[in-house]
Enquirer: 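Okay, handing you the structure first.
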Number of protein chains: 2
Amino acid sequence: MQDEQIDAMAKLLKSMSHPIRLKILCLLQDKELSVGEIRAQVKTTNANISQHLNILRGQGIIDFRKDANFIYNRISDRRILELIKKMHNLFCPSL
Amino acid sequence: MQDEQIDAMAKLLKSMSHPIRLKILCLLQDKELSVGEIRAQVKTTNANISQHLNILRGQGIIDFRKDANFIYNRISDRRILELIKKMHNLFCPSL
DNA sequence: GTTGTATTTCATCTTTTAATGTAATAGTTG
DNA sequence: CAACTATTACATTAAAAGATGAAATACAAC
């Protein structure tokens, strides 16, 4: 890996390496969820969720669609799904 | 994944998500290296390298052996090797 | 248009992380 | 033991990330 790729990869990992964001990604593994549905599972404020979602969006990890006044989020990069799956296999093989 | 596992995983990812630390891990993929050898490839100070190594050690990602006044570092967790390999495949398939 | 719900933006504060320089430690060689 | 090399520890500073609360936006329903 060249330095530029390492930097990009580090940035990607960093965006995944916050407990709230990692949890959001896990929740979004198999379905899309609105902000409110996410907040119900992640114990923090709406504003905080929103900020974390923005980080994931900025990184291109997730995107969203609007429906009425709900915003449904989903993982937009298949590689992230694979990476999460791999981490799961490696570090939580029993589940 | 339960919350505790998510927290642990996030912590692990965080320790890998700094460009210098990720580069160190890449360098250590196939061989052990002394602090000086690492510093030669990562452009920063000795003290800084040392601090980053400490973070990786604290996380149990790498360990080291002493020989004379050199300290040789290596990746001690096979799962980290696999994870790096997977990231490589997913995000830099051309290399 | 007013009310209500969902989400975001903004500003601020706090906490954490990273970098830097210097001093200290450990080991080697003469 | 003096001089030297490699590495770490410590203290300080600088920078970035995270949380919080209040205000703003967007849409829907009445």
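Below, chains carry the letters A, B, ... as their sequence lines are ordered, and counting in each starts from 1. Heavy-atom basis, side chains included; hydrogens, waters and symmetry copies ignored. In this text, all values refer to a predicted model and were calculated from it rather than measured experimentally.
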Enquirer: Which atom pair, heavy atoms only, marks the closest approach of B/Leu22 to A/Ile6?
Expert: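 Looking at all heavy atoms of both residues, the shortest contact is CD2-O, 3.6 Å.
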
Enquirer: Are the side chain of B/Gln59 and the backbone of B/Leu56 linked by a donor-acceptor contact shorter than 3.5 Å?
Expert: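 No, B/Gln59 side chain to B/Leu56 backbone: no donor-acceptor pair under 3.5 Å.
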
Enquirer: Looking at B/Arg21 and B/Met16, would you say the former's side chain and the latter's main chain have a donor-acceptor pair under 3.5 Å?
Expert: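 No.
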
Enquirer: Considering residues at least two apart in sequence or located in another chain, which fulfil the side-chain contact (heavy atoms from CB on, under 4.5 Å) criterion with B/Thr44?
Expert: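 In terms of side-chain contact (heavy atoms from CB on, under 4.5 Å), with neighbours along the sequence ignored, B/Thr44 is linked to B/Ile20, B/Val42, B/Asn48, B/Ile49.
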
Enquirer: Which two nucleotides bound the region of DNA chain C that has atoms under 4.0 Å from heavy atoms of chain B, read 5' to 3'?
Expert: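 With heavy atoms of chain B under 4.0 Å away, the range is C/dT17 to C/dT28.
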
Enquirer: What pairs of residues pass the ring pair (Phe, Tyr, Trp, His ring centres under 6.0 Å) test when at least one of them lies in residues 4-54 of chain A, not counting sequence neighbours?
Expert: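 For residues 4-54 of chain A, and leaving out neighbouring residues, the ring pair (Phe, Tyr, Trp, His ring centres under 6.0 Å) pairs sorted by first residue read A/His18-A/His52.
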
Enquirer: Would you be so kind as to tabulate the donor-acceptor pairs closer than 3.5 Å made by side chains of residues 77-84 of chain B, with sequence neighbours excluded?
Expert:
| residue | atom | partner | partner atom | Å |
| --- | --- | --- | --- | --- |
| B/Asp77 | OD1 | B/Arg79 | N | 2.8 |
| B/Asp77 | OD1 | B/Arg79 | NE | 3.2 |
| B/Asp77 | OD2 | B/Arg79 | NE | 3.4 |
| B/Asp77 | OD2 | B/Arg79 | NH2 | 3.0 |
| B/Arg78 | NH1 | B/Glu82 | OE2 | 2.4 |
| B/Glu82 | OE1 | A/Lys86 | NZ | 3.2 |

Enquirer: Listed by chain and number, what are the side-chain contact (heavy atoms from CB on, under 4.5 Å) partners of B/Asp63, not counting sequence neighbours?
Expert: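 Expected list: B/Arg74, B/Ser76.
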
Enquirer: Tell me the interatomic distance from A/Leu53, atom CG, to D/dA19, atom P, rounded to whole angstroms.
Expert: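 For the pair A/Leu53 CG and D/dA19 P, the rounded distance is 13 Å.
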
Enquirer: Would you please name every residue forming a salt bridge (Lys or Arg N to Asp or Glu O under 4.0 Å) with A/Arg57, sequence neighbours left out?
Expert: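 Counting only residues at least two positions away or on another chain, A/Arg57 forms no salt bridge (Lys or Arg N to Asp or Glu O under 4.0 Å).
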
Enquirer: Which residues in residues 20-40 of chain B have a heavy atom closer than 4.0 Å to any atom of DNA chain D?
Expert: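 Nucleic-acid contacts, sorted: B/Ser34, B/Val35, B/Gly36.
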
Enquirer: I'd like to check the side-chain contact (heavy atoms from CB on, under 4.5 Å) partners of A/Asp7; sequence neighbours left out, ordered by chain and number.
Expert: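 For A/Asp7 the side-chain contact (heavy atoms from CB on, under 4.5 Å) partners, ignoring immediate neighbours, are B/Pro19.
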
Enquirer: Can you check the B/Phe70 CZ to D/dT7 P distance for me, whole Å?
Expert: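 Between P of D/dT7 and CZ of B/Phe70: 6 Å.
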
Enquirer: What pairs of nitrogen or oxygen atoms, one from the protein and one from nucleotides 25-30 of chain D, lie under 3.5 Å apart?
Expert:
| residue | atom | partner | partner atom | Å |
| --- | --- | --- | --- | --- |
| D/dC27 | O2 | A/Asn69 | ND2 | 3.2 |

Enquirer: Starting from A/Tyr72 and following side-chain heavy-atom contacts under 4.5 Å between hydrophobic residues (I, L, V, M, F, W, Y), which residues can be reached?
Expert: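 Joined to A/Tyr72, directly or through intermediates: A/Phe70.
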
Enquirer: Shorter than 3.5 Å, N or O on both sides, protein versus nucleotides 9-16 of chain D: list them out with atom names.
Expert:
| residue | atom | partner | partner atom | Å |
| --- | --- | --- | --- | --- |
| D/dA9 | OP2 | B/Asn54 | ND2 | 3.2 |

Enquirer: Can you list everything that forms a salt bridge (Lys or Arg N to Asp or Glu O under 4.0 Å) with B/Lys23? Sequence neighbours excluded, please.
Expert: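 Counting only residues at least two positions away or on another chain, B/Lys23 forms a salt bridge (Lys or Arg N to Asp or Glu O under 4.0 Å) with A/Asp3.
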
